[in-house]
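Remember, it's 1-based here, ligands and their atoms both numbered in the order they're listed. Only this structure's heavy atoms are used, side chains among them; waters, hydrogens and symmetry mates stay out. Keep in mind that what you see is a predicted model, and the values were worked out from it rather than measured.
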Amino acid sequence: MTITSWLAASRRTVVLTGAGMSTESGLPDFRSPRTGLWARFNPSELATIDALHHRRESFVEFYQYRIRTLQQCQPHDGHRLLADWERRGIVQTIVTQNVDGFHQEAGSRRVIELHGSLRTVHCQRCGQAKPSFVYLHGVLTCECGGVLRPSVVLFGEPLPEKAITEAWEAAQQADLFLVLGSSLQVSPANQLPFVAKRNGAKLVIINWEPTDLDDLADAVIHGRKIGQVLTELNEQLAEVDP
Ligand code: NAD
């Protein structure tokens, strides 16, 4: 059996995406050597509540950089293919660790965002949300006087409960679980492949580098770009089910 035939046969395919899904759009991931954000910033120090309150200048610089980069990028063919697969009933749910909103922009509708979104900032005090570009114009406080912060989950903050519950349910019900572009080092997202496997799903990991969960997978693809792999799978799907 091949990944294509699993995709064609699966009734509930869940895709877990990580930052590697968006590097082909020009957005750096966290951990890739040289090109990852970690090469320039230390997200584990900057993407924190502590930095928001006590190292505000560095916090704002880090997020202004990320929001500006996001504005310069757009979804690539891989994002669009996943949206097309949803329309064709090949994919049911995308669970993403990404905060770029590219899946929705490409047309995916069932997207569970585990780590929030960089598309908005909101007030830490009153909760009011604004488009994140205001951050680039130096709007860093709300009318109420509260601190504006990106609507992403910072290190040390709990994940949105609804998203976690929905992601767990999706993983439990999956019969094919596809990981795209994640080092699977961030918890609890990296528990989802275990949940899916325990409930009988096939697990496929497509990631440039090996991950710690490769031994658990039924198929792994390394050293290849996601966009190209998805394009090839799509061509093969057309042959299986024209
Ligand atoms: P990660 O940086 O830890 O891992 C990304 C993985 O993707 C790497 O192992 C890398 O080898 C692989 N990769 C990169 N480009 C690839 C490509 N074109 N094809 C195939 N594989 C490729 O990312 P993670 O596991 O998602 O965890 C990091 C955290 O970073 C998440 O919490 C996420 O919220 C945050 N983040 C998000 C974005 C975004 O929204 N685009 C960007 C940077 C970081």
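- Contact check on Arg88 versus Asp84 returns a salt bridge, with a Lys/Arg side-chain nitrogen under 4.0 Å from an Asp/Glu carboxylate oxygen.
- Atom CZ of residue Phe155 and atom NE2 of residue His115 lie 8.5 Å apart, to the nearest 0.5 angstrom.
- At a cut-off of 3.5 Å, with distance as the only test, a side-chain donor of Ser182 or Gln97 sits close to an acceptor on the other residue.
- Around atom CZ of Arg224, more than 12 heavy atoms belonging to other residues, nucleotides or ligands sit under 6.0 Å away.
- No more than 12 heavy atoms of other residues, nucleotides or ligands lie within 6.0 Å of NZ in Lys225, so this atom counts as exposed by the packing criterion.
- The side chain of Val186, and not its backbone, has at least one atom closer than 4.0 Å to an atom of ligand 1 (non-hydrogen atoms only; side chain from C-beta on).
- Residue Val99 approaches ligand 1 through these ligand atoms, each under 4.0 Å from one of its heavy atoms: 39 (C), 40 (O).
- Atom 19 (N) of ligand 1 has as its closest protein heavy atom Ile226 N, 3.2 Å.
- At the shortest separation from atom 8 (C) of ligand 1 among protein heavy atoms lies Glu209 OE1, 3.6 Å.
- Ligand 1 has at least one atom lying under 4.0 Å from a heavy atom of Gln97.
- Taking atom 43 (C) of ligand 1 as the reference point, the nearest protein heavy-atom neighbour is Pro28 O, 3.4 Å.
- Inspection of the Thr23 and Asp29 side chains reveals no N or O donor paired with an N or O acceptor under 3.5 Å.
- Geometrically, ligand 1 and Ile206 share no nitrogen or oxygen pair separated by less than 3.5 Å.
- Within the listing of ligand 1, atoms 39 (C), 40 (O), 41 (N) sit less than 4.0 angstrom from a heavy atom of Asp100.
- At a cut-off of 3.5 Å, with distance as the only test, no side-chain donor of Thr120 or Ser117 sits close to an acceptor on the other residue.
- Ligand 1 is approached by Arg66 to a heavy-atom distance shorter than 4.0 Å.
- Residue-ligand proximity, Glu24 to ligand 1, at heavy-atom distances under 4.0 Å covers atoms 17 (C), 18 (N), 19 (N).
- The protein heavy-atom contact nearest to atom 32 (O) of ligand 1 is His115 ND1, 2.7 Å.
- Checked by atom type, the side-chain pair Ser10/Thr13 shows a donor-acceptor distance below 3.5 Å.
- Some N or O of Trp208 is nearer than 3.5 Å to an N or O of ligand 1, by distance alone.
- A side-chain contact (heavy atoms from CB on, under 4.5 Å) with Asn190 is found for exactly one of Val179, Leu16, Leu184, namely Leu184.
- Numbered from 1 in the order shown, with element, the atoms of ligand 1 that lie under 4.0 Å from a heavy atom of Ser22 read 41 (N).
- Protein heavy atom closest to atom 29 (C) of ligand 1, with residue, atom name and distance, is Phe30 CD2, 3.5 Å.
- For His103 and Thr17, the side-chain atoms include at least one donor-acceptor pair closer than 3.5 Å.
- Using modelled atom types and a 3.5 Å distance limit, the side chains of Gln104 and Glu113 yield a donor-acceptor pair.
- Asp218 and Trp6 share no donor-acceptor pair across their side chains, judged by distance under 3.5 Å alone.
- Checking only distances, Gly18 never comes within under 3.5 Å of ligand 1, N or O to N or O.
- For Glu157 and Arg149, the salt-bridge test passes: some basic side-chain N is under 4.0 Å from an acidic carboxylate O.
- For atom 3 (O) of ligand 1, the nearest non-hydrogen atom from the set Gly20, Gly181, Ser183 comes from Ser183.
- With a 4.0 Å cut-off on non-hydrogen atoms, Ala19 touches ligand 1 through its backbone as well as its side chain.
- What sits closest to atom 25 (O) of ligand 1 on the protein, heavy atoms only, is Ser182 OG, 2.7 Å.
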request  = Evaluate the criterion side-chain hydrogen bond (donor to acceptor under 3.5 Å, both in side chains) for residue pair Ser44 and Asn42; output intermediate values, then yes/no.
outcome  = CA-CA 6 Å; Ser44 63; Asn42 185 345; 2.7 Å; yes
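- At a heavy-atom distance under 4.0 Å, only side-chain atoms of Thr23, from C-beta outward, approach ligand 1.
- In this structure, atom 9 (O) of ligand 1 lies nearest to the protein heavy atom Asn207 ND2, 2.9 Å.
- Remark: ligand 1 and Leu27 share no N or O pair separated by less than 3.5 Å (distance only, no angle test).
- Between Lys225 and ligand 1, no pair of N/O atoms sits closer than 3.5 Å.
- Nearest protein neighbour of atom 28 (C) of ligand 1, counting heavy atoms only, is Arg31 NH1, 3.4 Å.
- Every atom of ligand 1 is numbered from 1 in the order shown, and the set under 4.0 Å from a heavy atom of Arg224 is 19 (N), 20 (C).
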